[in-house]
S.K.: 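I'd like to ask you about the structure that follows.
Letters A, B, ... mirror the listed sequences (proteins, then strands); counts begin at 1.
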Amino acid sequence: MALLELDNVTKIFGGLVAVDSLSISIEKGMIYGIIGPNGAGKTTVFNCITGVYKPEKGKIIFKGKDITGLSPHKIANMGITRTFQTIRLFGEMSVAENIMSGRHSKSRQKWWHGIIHTPFYYKDEKENWLKVREYMELFGLTHLARMTAGSQPYGIQRKIEMARALATEPELLILDEPAAGLNDKERLELLETIRKIRGMGITILLIEHNMDLVMNITEYISVLNFGKKIAEGKPEEIQNNPVVIEAYLGKEDEDEF
Amino acid sequence: MSSDKLLVVEDLFVSYGSIEAVKGISFSVNRGELVTILGANGAGKTTTMRTISGLIKAKSGSIRYKNIELTSMPAHKIVALGISQAPEGRRVFGTLTVEENLFLGAYTKEKLNKKVLSWIYELFPRLKERKNQLAGTLSGGEQQMLAIGRALMSEPELLLLDEPSLGLAPVLVKTIFDTIKQIKEEGTTILLVEQNAKAALKLADRGYVLEVGKIVMEGTSKELISSPKIQEAYLGKKKAG
Amino acid sequence: MKRWSLVGLLAVVVALLFTVSVFAADVIKIGVQAPITGKFASEGQSIDKAVRLVVEQVNKKGGLLGKKIVVITCDDEGKAVKAAICARKLVNDGVIAVIGSYTSTCTEAAEPIYYRAGVLQTSDGTSDTLVKHGYWTFFRNSSPNSSEAKFTAEFFLKKQHYKRIAAISDYSTFSVNLTTAVVKDLKKMGGNVVYTGKIVSGSQNFTPILTKIKSYHPDVIYFGGYYTDGGLIRAQMVQLGMKADFVGGDSNDNPEFIKLAGKAAVGAYLIDVPLPEMLPYPAAKKFLKAYRAKYHENPASIWTLFNVDGLRVILYAIQKTKSLDTKKIAHYLHYELKNFPGITGPISFAPNGERIGSAYMAYIIGPDLKYHIVYREK
Amino acid sequence: MMNTKNALYYGIFFLVLTVLPFFLTSNWISVMTTFLIYSVVSLSQDIVLGRAGMFDMGHAIFFGLGAYSTAILNMVYGWPIVATIPVAIILPIIASILLAAPIIHLRGDYLLVTTIGFNIVFTQALKNNVFGITGGPNGIFGVEPLKIFSITFASQKSIYFLALFILLLTLAIIHNLETSKPGRALHYLNLDSLASECIGINTRFYRLYAFALSAAIAGLAGVVFTLQFSAVSPGAFNFIQSVLFFTIVLVGGPSSIPGVLLGTFFMFVVPEMFRQFAEARYLVFGVAMILIMIWRPKGIWPVKFGRIPNYITKE
Amino acid sequence: MEIFLQQLVNGLTIGSIYALVALGYTMVYGVLKLINFAHGDLVALSAYIGLVILMQLAGVLSPALLILITFISTMVITAIGGIVLERAAYRPLRRAPRLSAVVSALGASMVIENGIMLIWGPMPKIYPASVVPNINFDLHGVYISLMQILVLVISLVLMVALYLFVNRTKLGTAMRACAIDQDAARLMGIDVDKVIVTTFVIGSALGAVGGLFIGMYYRGITFNMGWIYGLNAFVAAIIGGIGNIPGAMLGGMLLGIFNAFISGYISSSWSMALTYVLLIIIMIFRPTGILGERVAEKV
């Protein structure tokens, strides 16, 4: 059974069909890529999966459960976490606090722990901060723990965001253009990190423009154009698919423009 | 190609708070040229454009247009000097009509030049059909046309185009680039920022490659197209087949 | 660290401010607790000025019991919270008696504090609740709502023979109490009250409520609030073509009422003790002259004069008892003082601190825009 | 997780507040008591406004509900003050949830206007003497002092220490909040609501949580207010008061405990000090508010994040 | 029926004053996203300035000229006040957190209110009774005065003029553009600072007309009346959809009429509370006001 399944998902904005009867199926443990021109509806798909938008039609099934239209926090608590195309960190807070936010759903503190600290609180708090420490070490952020997240360079912010997402211990990690704004070195690091995350048994779904990265890392790709899936398959199949070349990659021998 | 420099950017640094987005870039645009700046998301292209237009203040460095220093000039004066921009994401005034948008483009002009307006309607007949429609109701491609048309209304000598193909269907991308070519042929100097490297280099005379706030490569379009690095990083997706 | 040093500096300044205490001298301290700022600022400032004038006169003649009198003023802004703070401040400053406050709310909020400290308090507040607690320190220098209400009801039913009566108040303690008392007395005497309602003081536009009242066809509208609203109500009644009479409670008695209502003021009735300039007593004329000479204006209202009387009886009692013991002074005021010639009429106090007797009158504003007495208590 | 330096500063702060009444005149003790009460209310306002980022300009409602609960139960129904305290806490909680639930999704300024609206309805209800128990525009006077066992809190000094105790309690709660999952959740949803949702934070729940907690604290402060003045009146809880609490937080520094305390001091005690300049002081004060905002747009003492345990950065 | 019509007249009169004041809130909110809490106090100030001018010139000029000169000079002076306000209290905070500007606005409100008290004293000031001849028309039991007619007509004319200015002129279009996207407006060569100042000038001048109407119609003016008028007008702007100019006009009128009908038909004691209950209901069901932020649609 697929980990995540989209069944004829349709999202319409004021008459404009942003996602058009999209069906995809992601197996557990794979790295799945979605590519397509800007404005093809890729991010909208992510927003539908994570509950930010409610699709007009279709079903989204995660681990056999229908999650269509659930609120984002419920979906996140079921094990789907994402990063954003434009980084959305809690800019004024420290790096460690940002990653700690990912522990929210795993922390078992109750509402009254915001008022009274019980022995359980201390135990839980320590457990979670130690987890934060683990993720900071994993991403090499330990020395920045107390620094303000918003003042870090782009590459570091991407890492913090990914660390935060991982801190929720998701089963499915959704990355929206993780390589945007990274230089060559950082991109290579990212490649390594994504492989490492997969090694942890986490399924990854990503949108990416950098073809190098996509072709290198993904095991299966869907190509979207105008909200419709125009092709899917293994990377090498996609690279040679004439429809994809026409709509997205561009024809080699095209000379008009 | 004339060699007199219309726009010269030297050692430009721009930062948002403590993040440096542009780290000491230098480039120039000659009169009558179409120069393109290539780079991935977040490379600093849009920041550069916004700084030229005066929306962001540079931290250091200089931007000279016809030998006038722009770095400490407010945006509206820069427009009056003859630089106009079609910004990234189009930024049309959604609750104003198409025609009102175009009129605003000519805000710095004493009087509306009817000839320019009809030229723009010629370039983009779709805009003429929809001139009384609210700009927000246009499709993405039409909005891009409007953004470019609006920028042209001030009869600029230097036109800045920030990602005109963003989010457009391939067939529309072609239309837009055809129009850009046409605008260039009518004598407007253009600085074009693009992710679509191939399309941009086909049009451009020269290009610069921006990566994480620095210029990593520059040259004529021919040189860039044939450079292996460019082929791999920006055109590679096509070559992979 | 830098910020902490800033705080340290601030703390030192605060400490200095706190430790500066009023050094004791051989003087008699009289407090004024009044709304110097805020909505009732004009009344409060007038009371303060008048008190200072009287004290200046006494000091010029050599003071009281051989001591100079010092006035300490505290601004309660017409707010209950500030009134309590003021009361504590004045008590702490060592005043023997306090004049004020102007509003019943502030007076009531401060009462228990003066009572516990044994400081005499005299106020023009008209709310009946002021004397309910039975504090020996409190003396009302004006007439209470209840006697005004009784007089109003008599005027309505015995003199004017109104058949359909509408009554409105604002939200202030004073106005609600007075209006409620008037309505109660009217009903007790068999009057027909067809409408009661409230307005928001200062909202200026009273046409909606007046239009509504119009549909009840009353032959009189009674308004128990302040002149700032009363003048406008009268003007808007006329503008809406209403034929009903207008009768205003004591707080409408202010020269500004006529200015606000303009020509519409003609024919309006007011119920109050006499106007400052209508007071028949020589002391009153003398005082007004002195006030005008010093401040080049008239006192804000009759309430200033009531407070002056409050001050004068207390000073008189100190002189008579030759004592600064407030218990003795209070005893004298309660049981020995009879018909002191005040500028607002003879003054005596009941054992609960109530001023005995009232001098309420009903006036009509004539075409000459002057007050004419139409009815007075027998 | 309070470090020793902070603990020291708080120690000094409370030491000063503890000995202060022995050096102050009674009217200044009264001012300082009110300062303590207002500090508690401002700190509670800060939970909603500073931490959770909701523009609540009707906070005096909860303060007033607490104060009126005590006054009404004591004066109308004859309850001893101690027994009224739980009601004065629970009633504001219920009210806050009922009021906030339908409007919590509103964008900043709209929430602000709606809460002003609630506040105006609240004070008008008090003035109209709803159910005949609020005492109308007059309010309620003569509330008994608090008696716990055989101790009676009647003197100004004893009320001062009661208020100080409540402030201490509030600071403890806020410290606990700050260093716990719910408290951090408030900051997260304030800074980026969507990102918070996407990492599993139920933003709606925590927004209501912020309202309920702050209402409870404000209600408790209301009890002390009633004891301090042995009276309540609608004017003490009108929307101008809400504006005051709102301003205190912003002038001092949202989410910053020392900031809010300084804000209260500046907005409440400083005007008391300049009482002799009665007529001009609020003019000067307005100018000062503008200048402070220009000088320190994030408040006099802005919040500093980075409260993280030391052990996570050590090898 | 007369009662109904009379209440309508009552409501429209106060409603047009609310609308005039609300326009100032809504325009500033449109371009700056700032609740200009000092606007109501500026309106109060204008009433005082108007009175001073009126008293200075009374008897010197003919009544019609007197009114004209008073209006124009008060509008000019208040507009200058608006410029000063923007310069001193808002421009330095353009890039600060939004709430800082709110505090600055509250501070400015205190400054103006207490400034009025220091200059003119705490006593209410009273406009002379017959600036506008006291003529009252009786239309079958519905009374309407000449002053009311003036209030209605002038307000309407000004609102139509403002509507035309904003929709038909270059500067007006620029103003709308700034409200939508300031950076894009800059790219058009629009001097955004100038547009903002213009907004304050127009808003203050319209507020000044409102202030003069308050003085001339209701006669008594107090230093602290800015709060009540300001708050009501602000609520009117919100009801209509803040930032939306026709919305402010509609909101003002609706608020006036609603107020009149609640006082008239339900309960005057609860009129203020019920007005706000209405506001809350509108906020719950139409979170951006009745007209809302204009959505893109075909015209």
Side-chain angles (χ1 to χ4, degrees), chain C residues 35-46 78 168-171 176 195-216 226-232 235-242 254-265 297 300-301, chain E residues 2-11 13-15 17-18 114 117-118 121-130 134 136-138 141-145 147-148 214 217-225 227-229 232 256-272:
Chain C
I36 306 296
T37 59
K39 206 156 80 173
F40 305 111
S42 59
E43 296 282 358
Q45 289 173 16
S46 176
I168 38 186
S169 71
D170 64 28
Y171 281 95
V176 171
Y195 177 86
T196 56
K198 284 182 192 154
I199 55 130
V200 176
S201 180
S203 61
Q204 300 203 328
N205 178 29
F206 305 114
T207 49
I209 187 173
L210 290 173
T211 304
K212 179 174 189 192
I213 292 173
K214 197 176 170 188
S215 67
Y216 288 91
Y226 293 87
Y227 64 93
T228 41
D229 303 314
L232 294 177
Q236 290 170 22
M237 272 173 74
V238 172
Q239 195 247 306
L240 289 171
M242 293 177 78
N254 187 299
E256 303 286 318
F257 178 91
I258 296 173
K259 280 207 217 160
L260 275 169
K263 273 194 211 124
E297 61 182 20
S301 69
Chain E
E2 293 101 74
I3 299 286
F4 177 84
L5 289 175
Q6 184 71 60
Q7 292 291 25
L8 197 65
V9 171
N10 299 338
T13 312
I14 187 83
I17 295 177
Y18 288 154
N114 288 282
M117 191 191 80
L118 285 177
M123 300 257 252
K125 292 281 167 190
I126 290 159
Y127 267 64
S130 49
N134 200 354
N136 214 357
F137 303 96
D138 177 356
V142 179
Y143 290 80
I144 183 163
S145 69
M147 187 65 219
Q148 274 179 307
I214 294 168
Y217 181 58
Y218 296 115
R219 313 270 313 289
I221 54 174
T222 53
F223 70 96
N224 56 5
M225 71 176 187
W227 260 111
I228 291 193
Y229 282 100
N232 276 319
I257 294 169
F258 190 75
N259 242 325
F261 284 131
I262 293 180
S263 297
Y265 290 108
I266 303 176
S267 156
S268 63
S269 317
W270 288 93
S271 73
M272 192 136 166

S.K.: Between CD of Gln7(E) and CD1 of Ile209(C), what distance do you get to the nearest 0.5 Å?
M.R.: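 Nearest 0.5 Å value for the CD-CD1 distance: 10.0 Å.
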S.K.: Identify the two heavy atoms, one from Ile266(E) and one from Lys212(C), that lie closest to each other, and give their separation to 0.1 Å.
M.R.: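 That closest heavy-atom pairing would be O-NZ, 3.6 Å.
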S.K.: Highest number of heavy-atom pairs under 4.5 Å with chain C: which of Phe261(E), Tyr265(E), Tyr229(E)?
M.R.: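 It is Tyr229(E).
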S.K.: In terms of heavy-atom pairs under 4.5 Å with chain E, which of Ala261(C), Ala300(C), Gly241(C) leads?
M.R.: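 With the most close heavy-atom pairs to chain E, the winner is Gly241(C).
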S.K.: Run the salt bridge (charged side-chain N to carboxylate O under 4.0 Å, His left out) test against Lys125(E) and tell me which residues pass, sequence neighbours left out.
M.R.: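 Once residues adjacent in sequence are excluded, Lys125(E) has no partner under the salt bridge (charged side-chain N to carboxylate O under 4.0 Å, His left out) criterion.
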S.K.: CD/Gln204(C) to CD1/Ile14(E) distance, rounded to the nearest 0.5 angstrom?
M.R.: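 That separation rounds to 7.5 Å.
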S.K.: So, does Arg219(E) use its side chain to make a donor-acceptor pair with the main chain of Lys259(C) at under 3.5 Å?
M.R.: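 At least one qualifying donor-acceptor pair exists.
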S.K.: Side chain from CB out, backbone as N, CA, C, O: work out which of these in Ile199(C) comes under 4.5 Å of a heavy atom of chain E, or both, or neither.
M.R.: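 Looking at Ile199(C), nothing touches chain E.
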S.K.: So which part of Phe206(C) gets closer than 4.5 Å to some heavy atom of chain E, the side chain, the backbone, both or neither?
M.R.: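 The answer is neither part of Phe206(C).
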S.K.: Is it the backbone or the side chain of Ile262(E) that comes under 4.5 Å from a heavy atom of chain C, or both, or neither?
M.R.: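 Answer is neither: Ile262(E) stays 4.5 Å or more from chain C.
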S.K.: Checking Ser215(C) against chain E: side chain, backbone, both or neither under 4.5 Å from a heavy atom?
M.R.: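 Both the backbone and the side chain of Ser215(C) come within 4.5 Å of chain E.
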S.K.: Between Ile221(E) and chain C, which part of the residue has a heavy atom less than 4.5 Å away: side chain, backbone, both or neither?
M.R.: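 For Ile221(E), backbone heavy atoms alone lie under 4.5 Å from chain C.
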S.K.: Looking at CG of Leu210(C) and CG of Asn10(E), how far apart are the two atoms once the value is rounded to the nearest 0.5 Å?
M.R.: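 The distance works out to 8.5 Å.
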S.K.: Could you tell me which portion of Ile3(E) (side chain, backbone, both or neither) has an atom closer than 4.5 angstrom to a non-hydrogen atom of chain C?
M.R.: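 Both parts, backbone and side chain.
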S.K.: Side-chain contact test, heavy atoms from C-beta onward, threshold under 4.5 Å: evaluate it for Thr207(C) versus Thr13(E) and give yes or no.
M.R.: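 The answer is no, as the side chains (C-beta and beyond) never meet within the 4.5 Å cut-off.
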S.K.: Name the one of Met242(C), Gln236(C), Lys214(C) that satisfies side-chain contact (heavy atoms from CB on, under 4.5 Å) with Tyr143(E)?
M.R.: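 With Tyr143(E) as partner, side-chain contact (heavy atoms from CB on, under 4.5 Å) holds for just one option, Lys214(C).
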S.K.: Return the option, out of Val238(C), Val200(C), Leu232(C), with the maximum number of heavy-atom pairs under 4.5 Å with chain E.
M.R.: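 Most pairs with chain E among the choices: Leu232(C).
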S.K.: Between Gln239(C) (side chain) and Asn136(E) (backbone), is there a donor-acceptor pair under 3.5 Å?
M.R.: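 No; judged by distance alone, with no hydrogens or angles, the pair does not exist.
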S.K.: Given that the side chain runs from C-beta out, which part of Ser46(C) has a heavy atom under 4.5 Å from chain E: side chain, backbone, both or neither?
M.R.: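 For Ser46(C), neither part sits under 4.5 Å from chain E.
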S.K.: Does any backbone or side-chain atom of Asp138(E) lie under 4.5 Å from a heavy atom of chain C? Answer side chain, backbone, both or neither.
M.R.: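 It is neither, since no heavy atom gets under 4.5 Å.
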S.K.: Considering only heavy atoms, which portion of Tyr227(C) lies under 4.5 Å from any heavy atom of chain E: side chain, backbone, both, or neither?
M.R.: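 Contact with chain E is through the side chain of Tyr227(C) alone.
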S.K.: Using 0.5 Å steps for rounding, measure from the CG atom of Asn205(C) to the OH atom of Tyr217(E).
M.R.: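 The CG atom of Asn205(C) sits 6.5 Å away from the OH atom of Tyr217(E).
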S.K.: Looking at every heavy atom in both Trp270(E) and Tyr171(C), which two are closest together, and how far apart are they?
M.R.: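 Between these two residues, the closest heavy atoms are N-OH, 4.3 Å.
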S.K.: How close do Pro124(E) and Thr228(C) get, heavy atom to heavy atom, and via which atoms?
M.R.: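 Closest approach of Pro124(E) to Thr228(C): CG-CG2, 3.2 Å.
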S.K.: Taking side chain to side chain donor-acceptor pair (under 3.5 Å) as the test, write out the residues that go with Thr222(E), two or more places apart.
M.R.: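 Expected list: Asn224(E).
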